Protein chains: 2
Amino acid sequence: MIAHKIVPNISVDCVVFGFDFEKLNVLLVERELKDEKSGEVIIRDHTLAGYHIFEDEDLDSAAGRILKGLTGLDNIFLEQFGAFGQLDRVSSPRDKRWLDYINKGFADRIVTVGYLALIDNTKVTLRLKERNVSWFPVSMVKEMDLAFDHKYLFYEALEALQRKVKVEPIAFELLPDYFTLSQLQKVYEAVLGTSFDKRNFRKKVAQMHYVIALKKKQQGVAHKPAQYYLFSREVYEKTRKGRISFII
Amino acid sequence: MIAHKIVPNISVDCVVFGFDFEKLNVLLVERELKDEKSGEVIIRDHTLAGYHIFEDEDLDSAAGRILKGLTGLDNIFLEQFGAFGQLDRVSSPRDKRWLDYINKGFADRIVTVGYLALIDNTKVTLRLKERNVSWFPVSMVKEMDLAFDHKYLFYEALEALQRKVKVEPIAFELLPDYFTLSQLQKVYEAVLGTSFDKRNFRKKVAQMHYVIALKKKQQGVAHKPAQYYLFSREVYEKTRKGRISFII
DNA sequence: TAACTAGGTGTATTAAGTACACCAACTAAG
DNA sequence: CTTAGTTGGTGTACTTAATACACCTAGTTA
């Protein structure tokens, strides 16, 4: 492993969303600081997944590297949702204390680039517990105190997700390759915090020619088995409507 | 004037759009480098409006400061459209030469935060020529070589503008406080690069209750005088529809 | 074999998008 | 003072999408 040189004042934070067929979850890293002498825990709270960038990597690569480290996955959906450089980003006494202990060499003034990541829960669940990383329901995160300004970044990411999901086919990133229409509906409901009428929802999906029915059906479920569908990016790219209308 | 300490590896670039009732324009700064001995011009091309951030200012403040310097205006519409940290951002020989001469103290690896700015042309036109700054039609910029990766940033900003204008009432930022419906239509057409049917456009505007007819009319024009309208952000905020439908 | 569960379907109404043509009000030129 | 030129302003018919709403189906489990 090559030792990479860190850029001290630029970092990347990832807000990683996952869907467990019930609700939307966020990946948080537990931060724990023990007193050197007594061993007593001084700080225990949560942060987003983030780290400084290296001198020799792009921003996107840095985000990819961080996610790979936490989830073991490559090719995760990743998109910037903003850059954050408030002077008071690291303001609370506990954050300062943390930096005093841990981050000694790093600058006080850090600009962080926020990345929204969407992952298919069924592909992970793996190496999360080795590290102190776990899923938290979005509803719970809203009640938690996160380190630094990460609560703010979380909200910004959530809003970006809600904005984008209405306009781009990114909900599929939260589902496995094959999914049922009920699962698709639940993702939209979980992300947007609403509920849709089943028949109207399916009517809408029927217009999306890039959501394609498979021959497979569910098996071993205690009800009428549902049909599986897949999302074809290829068809999407070809048939996307160049709507030039505006809706404000 | 206080001397501010510069953050060497973080900068802000502004893509400033303006509308002259005909077409969309972008503000570019002429970059000129003369040979120290001969006085011969070695480099002459254009860049976006940008500069490094100061240690003691936020990103938004930095962007605001840069715009204030170029246009004299405060309270300009400003929004991030991305952060750019490619390793090869500064790649061409002329860019390297430029940095050798001018930017001696600065880092090679610079992350820049891109800001989209929209301004009402009628309020500027002022102090632009004192500095080597001027408006270029978007169509012309597409044909120009800009310094660094600024051509790329320009396209990213243009796309962000086109995306946002369809969904948020930002077209008004490009118009004076009072405007006619034809002017409003022309902004949309200039930004999106299309044309709309006049009657359908006006039908749509009629649904926007935050576009309010004034009693004033145009004067001294060689045709039927048009009515003036204004955009009320207040009404917009109150009446914006919480559409939870998705259109993909 | 009955109870349970989620899957799957159609119709009527309303709202919005689209295509399309003519008269009105003002100035400028003759 | 009349005409030409220019942009402003309006309405209708048709098509498409959004919404509201209720019942039968195909499996598993008790």
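Predicted, not measured: the structure shown is a model, and the values here were computed from it. Chain A is the first sequence line, chain B the second, and so forth, proteins listed ahead of strands; every chain is numbered from 1.
- Between B/Tyr229 atom OH and D/dG8 atom C1' the separation is 10 Å, expressed in whole Å.
- Under the rule for a side chain to side chain contact (heavy atoms under 4.5 Å, CB included), A/Glu143 has no partner lying at least two apart in sequence or in another chain.
- Side-chain contact between A/Asp13 and A/His150: present, with at least one pair of heavy atoms (C-beta onward) separated by less than 4.5 Å.
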Give me the distances for all protein-to-nucleotides 23-27 of chain C N/O pairs that come in under 3.5 Å?
unit_1 : atom_1 : unit_2   : atom_2 : d
C/dA25 : N3     : B/Lys224 : N      : 2.8
C/dC26 : O2     : B/Ala222 : O      : 3.4
C/dC26 : O2     : B/His223 : N      : 3.2

At a cut-off of 3.5 Å, list every protein nitrogen or oxygen paired with a nitrogen or oxygen from nucleotides 11-14 of chain D, distance to 0.1 Å.
unit_1 : atom_1 : unit_2   : atom_2 : d
D/dT12 : O4     : B/Lys203 : NZ     : 3.0

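- The stretch residues 177-185 of chain B touches DNA chain D through B/Ser182, each having a heavy atom under 4.0 angstrom from the strand.
- Side chains of A/Gln162 and A/Leu158 form a contact here, defined as non-hydrogen atoms less than 4.5 Å apart.
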Would you mind writing out the side-chain donor-acceptor pairs for residues 212-230 of chain B within the sub-3.5 Å range, not counting sequence neighbours?
unit_1   : atom_1 : unit_2   : atom_2 : d
B/Gln218 : OE1    : B/Ala226 : N      : 3.1
B/Gln227 : NE2    : B/Leu214 : O      : 2.8

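- The distance between atom CZ of B/Phe21 and atom P of D/dT7, rounded to the nearest whole Å, is 15 Å.
- Among the atoms of the strands shown, only primed sugar atoms or phosphate atoms (P, OP1, OP2) are found under 4.0 Å from some heavy atom of B/Gln227.
- Within 6.0 Å of OH in A/Tyr155 there are more than 12 heavy atoms belonging to other residues, nucleotides or ligands.
- Residues that satisfy the ring pair (Phe, Tyr, Trp, His ring centres under 6.0 Å) test with A/Phe179, not counting sequence neighbours, are A/Phe172.
- Between B/Phe21 and B/Phe19, the angle of the ring planes goes over 60°, which puts this pair in the perpendicular group of the 30/60° scheme.
- What separates CZ of A/Arg202 from P of D/dA18 is a distance of 17 Å, to the nearest Å.
- Side-chain contact between B/Leu27 and B/Val133: present, with at least one pair of heavy atoms (C-beta onward) separated by less than 4.5 Å.
- Under the 30°/60° scheme for interplanar angles, the aromatic rings of B/Phe231 and B/Tyr236 are found to be tilted.
- Side-chain atoms of A/Thr122 do not come within 3.5 Å of backbone N or O of A/Pro176 as any donor-acceptor pair.
- When rounded to the nearest whole Å, the span between NZ of A/Lys198 and P of D/dT19 equals 18 Å.
- Side chain B/Lys204 to base C/dG17: no donor-acceptor pair is found below 3.5 Å.
- Rounded to an integer number of Å, the gap from A/Phe201 CZ to D/dA18 P is 13 Å.
- Two residues are said to be in side-chain contact when any heavy atoms from C-beta on lie closer than 4.5 Å; A/Leu78 and A/Leu118 fail this criterion.
- Regarding contacts with the backbone of C/dA15, every side-chain N or O of B/Gln207 stays at 4.0 angstrom or more from both OP1 and OP2.
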